[in-house]
Amino acid sequence: MMTGNTAAAWAARLADVDYVPAYPITPQTEIIETIAKWTSEGVMKAKLIQLESEHSMLTAAGTASLTGARVFTATSSQGLLYGFEMLYSIAGWRAPIVLVNVSRGVAAPITLEPDHNDVLAARDSGFMQFHAETCQEVLDLILIAYRVSEDKQIMLPSIVNMDGFYLSFTREPVRLPSPKTVADFLPPYEAFKPFRANTSVVKGPPVLGGHIYTYFKYNLHESMNRALAVFEKAAEEYRHLTERDLRLCEGFMLEDAEYVLVMTNSFTTAGRKAVKLLRERNIPAGLLKITVVRPFPKKQIVDALRNRKAVAVFDQNISLGLGGILYNEIAGTLYHAKNRPETILSVVGGLGGKYIALEEFETIFDLLIHPEKIDSTEPVFLFRKDELRDVEKALKLAGCGGWFG
Amino acid sequence: MRTLLLGTPVLLKVRFHGRGGQGVKTSCRILGRAAFLTGYVAQDSPIYGAERRGAPVAGFTRIADQPILERGYIFDPHILIVMDETLLEDWMAKPLEGLVDGGIVFINTSHHQHFPETNNHYIVVEHNLTDEALDIIGKPVISAPAAAAAAKLTGVIEKQALLEATAEELYEIGLDDETIQKNLHVVSNVFEKVPTVPHRFNEAPAARRQVISLTVGKVVLHEISNMGNAYLRRTGNWRIFRPVVDYEKCTGCMICFIYCPDSVISLDEANKPVIDYDNCKGCMICMVECPLRAISAVREGKIVA
Ligand code: SF4
Ligand code: SF4
């Protein structure tokens, strides 16, 4: 029994990381506390340092990685955004660190509960992104992330994402691989021309004129794309060693499904329950979970979704003024596919950790079965009447008014 | 994996209600680990907002004989553990909400039968955990005893697994051997004393909740403009101990007035403290800070609402 946070700490311990720069933020702090306990007891030999902000923390992480140290760090929400600028630099430096983000809605208003606007803000940074559904996957994906990040073909950093509360503070059974298994799976990290006191090397120099910049950006993009195959190979080896089956994207009751819900992260668990219940009522429902969000597994998504009657994309995020982020990515991916589903519905739900009731999942599938009811210009915003009553009560208590009411 | 006993649902859900500082998180973890050690699939999690001693908190344990396809808040528990009877009247904690038909409510109470006896919709079990903890452990910490009560009421947990889980969880939070032994003693007592209640859960689907399309249609600012509404919280019912001023000893130095974190102490003409018991949450900071030891702690015997 362990929480997602403890699973993340175990992954860092098993990966035998050398350096852990840290800065506390709820709901991530427990990861660092656990590592701090282990380093002080001497059971983990990494060097743990508390920096004065997430910006410094990420700078330290990236530069340490360039000396040849295997680096682990973790943050959440506002913390990720505070260090945001450095994400692009770390990727550009080709520093293969692994960063755990514990998702938490971005203020204001302030919350501690999860949605994915924090992690998806980093989607263009050059960090690969692996999104976990269970505490077990947190552990598995961190180990796989190191393997893919440090692959000579890739040399890019990774973010492993877990939902605050729903994974970070939730305990469930987690199987730990043995240190020997992990050592077999994860060879020691070798940096390219690491920083050394006696040799001079400049990383990330300025380039002017655009063409040099373009060349390097394209090179990053290529490495990202190669990471799909490298992930698949690493996951296959991991499967042999641990019997844990991780995929770029994973189907649930998908084979003969006509109506498919696409999800990511821990809310997928609730999606599975809904799909199972609908199957009991003879509705051919299915689910596709996307685990690797960057690089985006376009081919696998097209293969999984073509020939379906209707598809709904569940976004636990919102690009204000546009809609769900993944919906737009998936709709774009499917546009050129032969036999693409005629209906692609955008659903936004679970913002700030909002619970999704079975009735709300039923509403999604009802729309997929009756596409004539869909207004395709706007996402469906999952909300319930009892929740609205609660909000109205709170507004009244706080004395919130509205303008132009 | 073990199959749950006949007559219990495939997924058994237990919700704990307590107050910050009572160890709700530890309770749901002890139960979760005990279920796991008995051979089930288990999941446990706490939920709390901004941490504040005395504020209502909840914890959740799910026990199943197959993978659990739920996470987060338990809205429809089979078993409710109310660790502090005063929560029954708390309009924000709403501990009884969502209990399935035929569900079991366990209430930690210091005076038996203040609660309507078992009715058609749920079964009430009452027990005085706090005094049991005070007697043996010497402190009103009831995380382990509450887990013991829950374990017994699930009807599927082995005592040995419960004791082992208690020891492991309490060790993990850093308790010393002596305190752990005392806790095991109480856990064992509670597990024996709490009756076995047959499960007659009726899992009829709950009333359907209506899904709506949200339109706000105007600019709403999330600001709080109604000031001074804190009295509505009536934090007075959070108390386990009541601070009582001995006006003979009190010199009117005003130190308690300054230290009270909730500003519920006012001063009379002689600068002597007057405590507003509707809102005093019983943190006992005033007692610790009083240089003349003029404030003492008196155990609350009844609901102060
Ligand atoms: S116990 Fe004392 S310090 Fe604490 S809230 Fe009550 S009056 Fe204030
Ligand atoms: S701190 Fe003690 S002596 Fe001072 S005013 Fe308060 S009760 Fe009286």
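Lettering of chains follows the sequences in order, A, B, ..., and the numbering in each one begins at 1. FYI, side chains are in, hydrogens and waters are out, and symmetry mates aren't considered; it's all heavy atoms of this structure. What you see is a predicted model, and the numbers here were worked out from it, not measured in a lab.
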Most heavy-atom pairs under 4.5 Å with chain B, out of Y166(A), F381(A), F267(A), belong to Y166(A)
Which one wins on heavy-atom pair count under 4.5 Å against chain A: I68(B), T61(B), L69(B), V216(B)? L69(B)
Heaviest contributor of heavy-atom pairs below 4.5 Å to chain A, chosen from G72(B), A42(B), S213(B), is A42(B)
Can you tell me which portion of K396(A) sits under 4.5 Å from chain B's heavy atoms? Options are side chain, backbone, both or neither. backbone
Portion of T3(A) that has a non-hydrogen atom of chain B nearer than 4.5 angstrom: side chain
Heavy-atom distance under 4.5 Å to chain B: side chain of E113(A), backbone, both or neither? side chain
Does a salt bridge link K373(A) with D366(A), judged by any charged N lying under 4.0 Å from a carboxylate O? yes
The interface call for A394(A) against chain B, heavy-atom contacts under 4.5 Å, is neither
Give the intermediate values and the outcome of ring-ring contact (aromatic ring centres under 6.0 Å, His included) for residues F16(B) and F60(B). CA-CA 6 Å; F16(B) 294 84; F60(B) 316 101; 9.0 Å; no
Does atom CG of D177(B) have more than 12 heavy-atom neighbours from other groups under 6.0 Å away? no
Between R62(B) and chain A, with a heavy-atom cut-off of 4.5 Å, which part of the residue counts as in contact: side chain, backbone, both or neither? neither
Toward chain B, the part of T363(A) with a non-hydrogen atom under 4.5 Å: side chain
Name the region of E169(B), side chain, backbone, both or neither, that has any atom closer than 4.5 Å to a heavy atom of chain A. side chain
Are any of the side-chain nitrogens in R209(B) or E360(A) under 4.0 Å away from the carboxylate oxygens of its partner? no
Take R104(A) and T26(A) through the test side chain to side chain contact (heavy atoms under 4.5 Å, CB included) and record every step on the way to the result. CA-CA 9 Å; R104(A) 159 178 161 185; T26(A) 303; 4.2 Å; yes
Salt bridge check: are R272(A) and E133(A) linked by an N-O gap of less than 4.0 Å? yes
Does any backbone or side-chain atom of Y355(A) lie under 4.5 Å from a heavy atom of chain B? Answer side chain, backbone, both or neither. side chain
If you count heavy-atom pairs under 4.5 Å with chain B, which of C135(A), A270(A), S266(A) comes out on top? S266(A)
Does the distance from a Lys or Arg side-chain N to an Asp or Glu carboxylate O, for E137(A) and K289(A), drop under 4.0 Å? yes
Below 4.0 angstrom, N of the basic side chain to O of the carboxylate: do R384(A) and E387(A) qualify? yes
